[in-house]
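Step one of this worksheet: look at the structure below.
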Amino acid sequence: MCGIIGIVGKQAVLPSIYDALTILQHRGQDAAGIATLDGHRIHLYKGNGLVRDVFPHDELQKLEGCSGIGHVRYPTAGNDAQDESQPFYVNSPYGIVLGHNGNLINTASLKKELVDSDRRHVNTESDSEVLLNVFAHELQNLDLTGTQPGEIFKAVDGLHRRCRGAYSVIALIADRGVLGFRDPHGIRPAVLGYRDTDKGREYAIASESVALDVLNFTLMRDLKPGEAIFITVDGQLHTHESPHAEPAGPCIFEYVYFARPDSMLDDISVYKARLRMGQALARKILREWPEHDIDVVIPVPDTSRTAALPLAYDLKVKYREGFIKNRYIGRTFIMPGQALRKRSVRQKLNAIALEFRNKNVLLVDDSIVRGTTSRQIIQMAREAGARKVYFASASPPVRHPNIYGIDMPAPTELIANGRDEKQIEQELGADRLIYQGLDDLIDACREGNARINRFDTSCFSGEYVTGVDTAYLDDLKVRRSDQAKLAKQQTEVAACQT
């Protein structure tokens, strides 16, 4: 999962891009990069770390120009080496810088095509560099002396023919402008906005509408599945709907966890969707456990707060903040390595014992993935004096990997894999476990936009909107395991010591 932003302005865009990346920081904490276009020259700076730490003041001064793009990275393909931070640059044709949110599922075959047929070199393990080179080759194949929006859109359609998976993309093309496009299923989000200044209209494309809000852009709409938008350096907006477009299938986990609650994605309020998740959970508890003895509902901060509040209201029990969060610890879900995740939970949360002592507590979280965090939080509640600890998940059991840009672990490391809900309850050490039903989750999101007939629910249902080969899933199982990641880290440490 990554965050992307692209702006064509009438003034220096660096301040706006930098601010947007800080707003999108929740989508990636491993690396950040900014590229700007100043006349004929592209300026690029990127590195590992948070936005506030990556850009030295003297490097920011060099990022001049009225058009630019930015990226925050959370690795799902490749590794965490600095040379895999984005955006990526290729000098032919014209000079292109590209940032990508999502994950390709046919990277291996595309790499072979790029080498054998396209005569292009890929220097990293990142699927984003593969995507950039596919686009560059499609554009170069048009053999044009001057690139017009129509030809750029033909290159995007060529990319759609070759690439499978999830990709929301923003690219900066030297001398020409900023291009944004979304995969044919619209799995990963992208929104378009504008703002009027005394110098003229400016346009922006971003992963989430909240980035536009903070920059005082007006949200125009979401990019449609397969749609491409090109904004020329002089501010002309061009759009293209691809013949390869499919019915929308946005990733439902965006609404469960990744997106900020103050964002609108595919015309659905993330905040309202999470409120409805809580209401659906309450209905399930009242239906299946009408004589419950819950004294208090306590959310696991921060994502689950929105669902926990209406859940408590509909159950007619108290809502309390029982955990205080250290905001200087990153999101444990996206931290690499089980040991780091386990250590970070205790560093991240501290219980307020008064809210737990001698009470039957219902803890609410957005999801349960490995179970590492949930198990420790339940134990913390008991240590704080809770008489009974119940646990509710605002989403269904996560039984399958997400292959579209969320680095969920190998299936064997998912606590719900191969276990029924009673067994998961025992593994977590909860007195009772309540999961959201998948149909209820879909209804909670779809109520915001009835035009969406399906979501990608693959991590819950195992049904992938693009289809997927078994061999790919088998390979993913090996690469995403914590053992594989640990072995890789040990190899890198050994290499540094020699």
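The chain is numbered in sequence order, starting from 1. The structure presented is a predicted model; accordingly, all values stated were derived computationally and were not measured.
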Determine, stepwise, if the pair Arg195 / Glu202 fulfils salt bridge (Lys or Arg N to Asp or Glu O under 4.0 Å).
CA-CA 5 Å; Arg195 69 181 175 191; Glu202 301 179 324; 2.6 Å; yes

Sub-3.5 Å donor-acceptor pair from the side chain of Arg73 to the main-chain atoms of Gln86, do we have one?
no

Locate the shortest heavy-atom distance separating Ile4 from Leu24; write the atom from each residue and the value.
O-CD1, 3.5 Å

Which atom pair, heavy atoms only, marks the closest approach of Ala228 to Leu179?
CB-CD1, 4.3 Å

Arg399: salt bridge (Lys or Arg N to Asp or Glu O under 4.0 Å) partners, not counting sequence neighbours
none

Where the side chain of Ser263 meets the backbone of Leu265, is there a donor-acceptor pair that is under 3.5 Å apart?
no

Does Thr218 have any side chain to side chain contact (heavy atoms under 4.5 Å, CB included) partners at least two apart in sequence or in another chain, and if so, which?
Tyr194

Could you please spell out the steps behind the side-chain contact (heavy atoms from CB on, under 4.5 Å) verdict for Ile170 and Val178?
CA-CA 7 Å; Ile170 297 181; Val178 168; 3.9 Å; yes

Starting from the C-alpha separation in whole Å, work towards a yes-or-no answer on side-chain contact (heavy atoms from CB on, under 4.5 Å) for Leu21 and Ile34.
CA-CA 9 Å; Leu21 291 184; Ile34 295 174; 3.7 Å; yes

I would like to know whether Val478 and Asp474 meet side-chain contact (heavy atoms from CB on, under 4.5 Å); could you show each step before the answer?
CA-CA 7 Å; Val478 175; Asp474 291 341; over 6 Å; no

Looking only at side-chain N and O atoms, does Ser168 offer a donor or acceptor that is under 3.5 Å from a partner on Asn101?
no

Does any non-hydrogen side-chain atom of Val54 lie less than 4.5 Å from one of Lys46?
no

Report yes if some heavy atom in the side chain of Leu362 is under 4.5 Å from a heavy atom in the side chain of Val317; otherwise report no.
no

Once you measure the plane-to-plane angle for Phe253 and Phe460, does it fall in the parallel (<30°), tilted (30-60°) or perpendicular (>60°) bin?
tilted

Residues which pass ring pair (Phe, Tyr, Trp, His ring centres under 6.0 Å) with Phe88, listed by chain and number, not counting sequence neighbours:
none

Identify, with sequence neighbours excluded, every residue that meets ring pair (Phe, Tyr, Trp, His ring centres under 6.0 Å) alongside His400.
none

Does Val130 offer a backbone N or O that forms a donor-acceptor pair with the side chain of Lys111 under 3.5 Å?
no

Considering all heavy atoms of both residues, which atom of Ile105 and which atom of Thr466 are nearest to each other, and what is their separation?
CD1-OG1, 3.4 Å

CZ of Arg451: more than 12 outside heavy atoms within 6.0 angstrom?
no

Partner residues of Asn453 under the side chain to side chain donor-acceptor pair (under 3.5 Å) criterion, sequence neighbours left out:
Arg446

Tell me if a side-chain donor or acceptor on Ser395 pairs with a main-chain N or O of Asp366 at a distance below 3.5 Å.
yes

So, does Ser304 use its side chain to make a donor-acceptor pair with the main chain of Val364 at under 3.5 Å?
yes

If the condition is salt bridge (Lys or Arg N to Asp or Glu O under 4.0 Å), which residues does Asp431 pass it with, not counting sequence neighbours?
Arg382

Output for pair (Leu428 CG, Ile368 CD1), nearest 0.5 Å, gives 5.5 Å

Asp293 side chain reached by Lys388 side chain, heavy atoms, under 4.5 Å:
yes

Taking the side chain as C-beta and beyond, is there a heavy-atom pair between Leu215 and Leu212 under 4.5 Å?
no

Please test Ile377 against Leu349 for side-chain contact (heavy atoms from CB on, under 4.5 Å), starting from the C-alpha separation and ending with a verdict.
CA-CA 8 Å; Ile377 288 172; Leu349 296 176; 3.7 Å; yes

Could you tell me if the side chain of His71 sits less than 4.5 Å from the side chain of Ile5, heavy atoms only?
no

Would you say Asn106's side chain and Arg164's backbone share a donor-acceptor pair under 3.5 angstrom?
yes

Any chance you could lay out the salt bridge (Lys or Arg N to Asp or Glu O under 4.0 Å) test for Asp314 and Arg283, step after step, and finish with the verdict?
CA-CA 8 Å; Asp314 288 355; Arg283 290 194 298 270; 5.8 Å; no

Distance-only, no hydrogens or angles: does the Asp420 side chain make a donor-acceptor pair with backbone N or O of Gln423 under 3.5 Å?
yes

Check this for me, if you would: do Arg305 and Asp365 make a salt bridge, where the nitrogen-to-carboxylate-oxygen distance has to be below 4.0 angstrom?
no

Show your reasoning for whether side-chain hydrogen bond (donor to acceptor under 3.5 Å, both in side chains) applies to Ser126 and Glu84.
CA-CA 6 Å; Ser126 173; Glu84 300 210 353; 4.9 Å; no

I need the full list of salt bridge (charged side-chain N to carboxylate O under 4.0 Å, His left out) pairs touching residues 247-261, with sequence neighbours left out, sorted by first then second residue.
Arg27-Glu254, Arg188-Glu254, Arg260-Asp262

Taking all non-hydrogen atoms of both residues, which atom of Arg276 and which atom of Ile268 are closest, and how far apart?
NH2-CG2, 4.4 Å

When you compare the side chain of His185 with that of Tyr404, does any pair of heavy atoms fall below 4.5 Å?
no

Under the 3.5 angstrom rule, does the side chain of Glu413 hit a backbone N or O of Arg370 as a donor-acceptor pair?
no

Ser458 and Glu463: side chain donor to acceptor below 3.5 Å:
no

Shortest non-hydrogen separation from Asp157 to His240 and the atoms involved
OD2-NE2, 2.8 Å

Over 60° means perpendicular and under 30° means parallel, so classify the ring planes of Phe181 and His160, tilted if in between.
perpendicular

Got a donor-acceptor contact below 3.5 angstrom from the Asp183 side chain to the Gly186 backbone?
yes

Residues forming a ring pair (Phe, Tyr, Trp, His ring centres under 6.0 Å) with Phe391, sequence neighbours excluded:
none

More than 12 heavy atoms from other groups under 6.0 Å of OH on Tyr271
no

Give me each pair satisfying ring-ring contact (aromatic ring centres under 6.0 Å, His included) with a member in residues 365-390, each pair once, sequence neighbours excluded.
Trp289-Tyr390

Scan residues 350-383 for pairs that pass ring-ring contact (aromatic ring centres under 6.0 Å, His included), counting only residues two or more places apart or in two chains.
Phe323-Phe356

Locate the shortest heavy-atom distance separating Ala381 from Val389; write the atom from each residue and the value.
CB-CG2, 3.9 Å

May I ask you to decide if Leu433's main-chain N or O and Glu425's side chain share a donor-acceptor pair within less than 3.5 Å?
yes

Would you call Ile294 and Asn360 a side-chain contact if the rule is heavy atoms closer than 4.5 Å?
no

Who are the side chain to side chain donor-acceptor pair (under 3.5 Å) partners of Glu447, not counting sequence neighbours?
none

Sub-4.5 Å side-chain heavy-atom contact between Tyr313 and Gln279
no

By salt bridge (Lys or Arg N to Asp or Glu O under 4.0 Å), Lys224 pairs with (sequence neighbours left out) Glu241

Aromatic ring pairing Tyr74/Phe258, orientation class (parallel under 30°, perpendicular over 60°, tilted between)
tilted

